Amino acid sequence: MWRGAACVGLSSRRATGVTRVHSVASRAPGGNKNALRLMMLLVTAAFFACAFPLSVGWFFGWRLLSGITGGAIMVLVAATVLPHVPASRKGLASGAIFLGIGLGIAGSGTIVPPLLGLGLQATWLGLGGLSLLLTALSWFGWPADLPHAIATHEVVPVEPTPSAVYLLFGQYAFMAAGLVPAMVFLVDYVARGLGAGAHMGARVWVMYGLGAIVGPVSYGFLADRLGARTGIRLVLVVQVIALGLLAFSHTFMALAVLAVIIGSFPPGIVPLALARVHELVPDHHRQQIAWSRATVSFATFQALAGFAYSALFNATGGHHAWLFMIAAGAITVAVLLEHALKWLPSASEPHVCEN
C-alpha cells in the first residue's frame, strides 16, 4: 500500500514537473532543440545514477527526474518536429515520432532480460549506455525552431479554449486508466492466471510488443485518412471489444491476436490524441500548452489507475478478469464522453491581451 501511494505521489509530482519544464523550455536559449538535448542527457544521467542506489531518497529523486524529463520529451519532440510537416501528413508523422514508445516496449522484452542475467547494476549501466548512444545519434538531428511572429503592442482577442479540448483531456485520462491492466498484468494472467507458464507469457508479451511497434504509425495513418475524432472513436470501440474478450480467452492464438490489438493502443493513441489537439486548437503555441496538459492528465490517471488496480488485484485474490473488464469500462466511458460535448458550454467569453 505504501509503495502504491508513493507511486501516485511520484506521478503527481512528475505531472506538475512536465508542465513546468515545458514552460521553461519554451523560453530557453536555443529553444526546443537545446531543451531536448538537455532532457535526453538528464534521462541518461538518471540511468547511470540508479546503478548506484545510495539511499531510497537518491533513487526516488533520480526516478522522479527521469519521469519528468521523459514526459517533457514527449511534449517537446512533437512541438519541435510537427511544425515542419505538411498538414496532410501530420498524423503519419506523429505516429513515426511516437513509434519510439512501441520500440521501447518491445525492446524491454529483449534487452533487459539478458542484462538482468549480469546483475541489476549492470542492467542500469547498460540502459544508461544505450541511452547515451541514442542521445549522441540524435544530437544533430533535431530541427531548429521556426521563427516566432514579431511581437506587436496591438490589443488582439484571445480565443477561448474550445470545450472539446477539455473533453479530450477527460477522454485521454480514461484511456490511460484503460490501458494499465493489460500493460501490467498480461504476462501474469497468461503465466499464472491461466497456468500456461512463463514461456507462454513471454510469447504473448512479444505479440504485445509487436502491436506497440505497429500502433503509432497505423493510428497516425487513421488520423490522416479519417480525421482524429473518427479515428479515436473507432480505436476505442475496438479496444473495448478486445479487452472484453481478453477476460475470457484461453488459447494462444486468441491471446496473441488480442495482445497485438491491445498492445497497439498505449503508444498508438498518442498520435491520435495529438492530431485531435491540432484539429481543435489552430495556434501553434496554444497547441503546445494543450498537449502538455493532456500529457499531465494521462500521466496522473495512469498512476492513480495503477494504484487502484493493484489494490483491487490483492483484494480479489488475483482475479485478472475483473481488471480487464474494468479497463473495458474505462474505455467505454471515454467513448461516451464524446457524446457529452453537446451538453458542454460552447465557450467562455473571449479575453484580450497585448502581444
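On a predicted model such as this, the values are computed, not experimentally measured, just so you know.
Leu194 places none of its side-chain heavy atoms less than 4.5 Å from the side chain of Met200.
In this structure a side-chain-to-backbone donor-acceptor pair under 3.5 Å is missing from Ser66 to Trp62. Thr123 places a side-chain N or O within 3.5 Å of a backbone atom of Leu115 that can act as its donor or acceptor partner. With Ser297 contributing its side chain and Arg293 its backbone, the two residues share no donor-acceptor pair below 3.5 Å. Without hydrogens or angle criteria, Tyr172 side chain to Ile269 main chain gives no donor-acceptor distance under 3.5 Å. The main-chain N or O of Leu42 is never found under 3.5 Å from a side-chain atom of Thr69 such that the two would form a donor-acceptor pair. Put simply, the side chain of Gln239 never gets that close to the backbone of Ile331: no donor and acceptor are under 3.5 Å apart. Judged purely by atom type and a 3.5 angstrom limit, Ser131 has no side-chain atom pairing as donor or acceptor with the backbone of Leu127.
For residues 191-209, every residue pair satisfying the salt bridge (charged side-chain N to carboxylate O under 4.0 Å, His left out) rule, not counting sequence neighbours, is listed here: Asp188-Arg192.
Ring-plane geometry between Phe185 and His320 is classed as perpendicular, the angle between the planes exceeding 60 degrees on a 0 to 90 degree scale with a lower cut at 30.
Residues Tyr219 and Ile261 come closest through the heavy atom pair OH-O, 4.2 Å.
Aromatic pair Tyr189/Phe324: centroids less than 6.0 angstrom apart.
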Mind listing the side-chain donor-acceptor pairs of residues 70-77 below 3.5 Å, one per line with the distance, residues two or more places apart or on another chain?
none

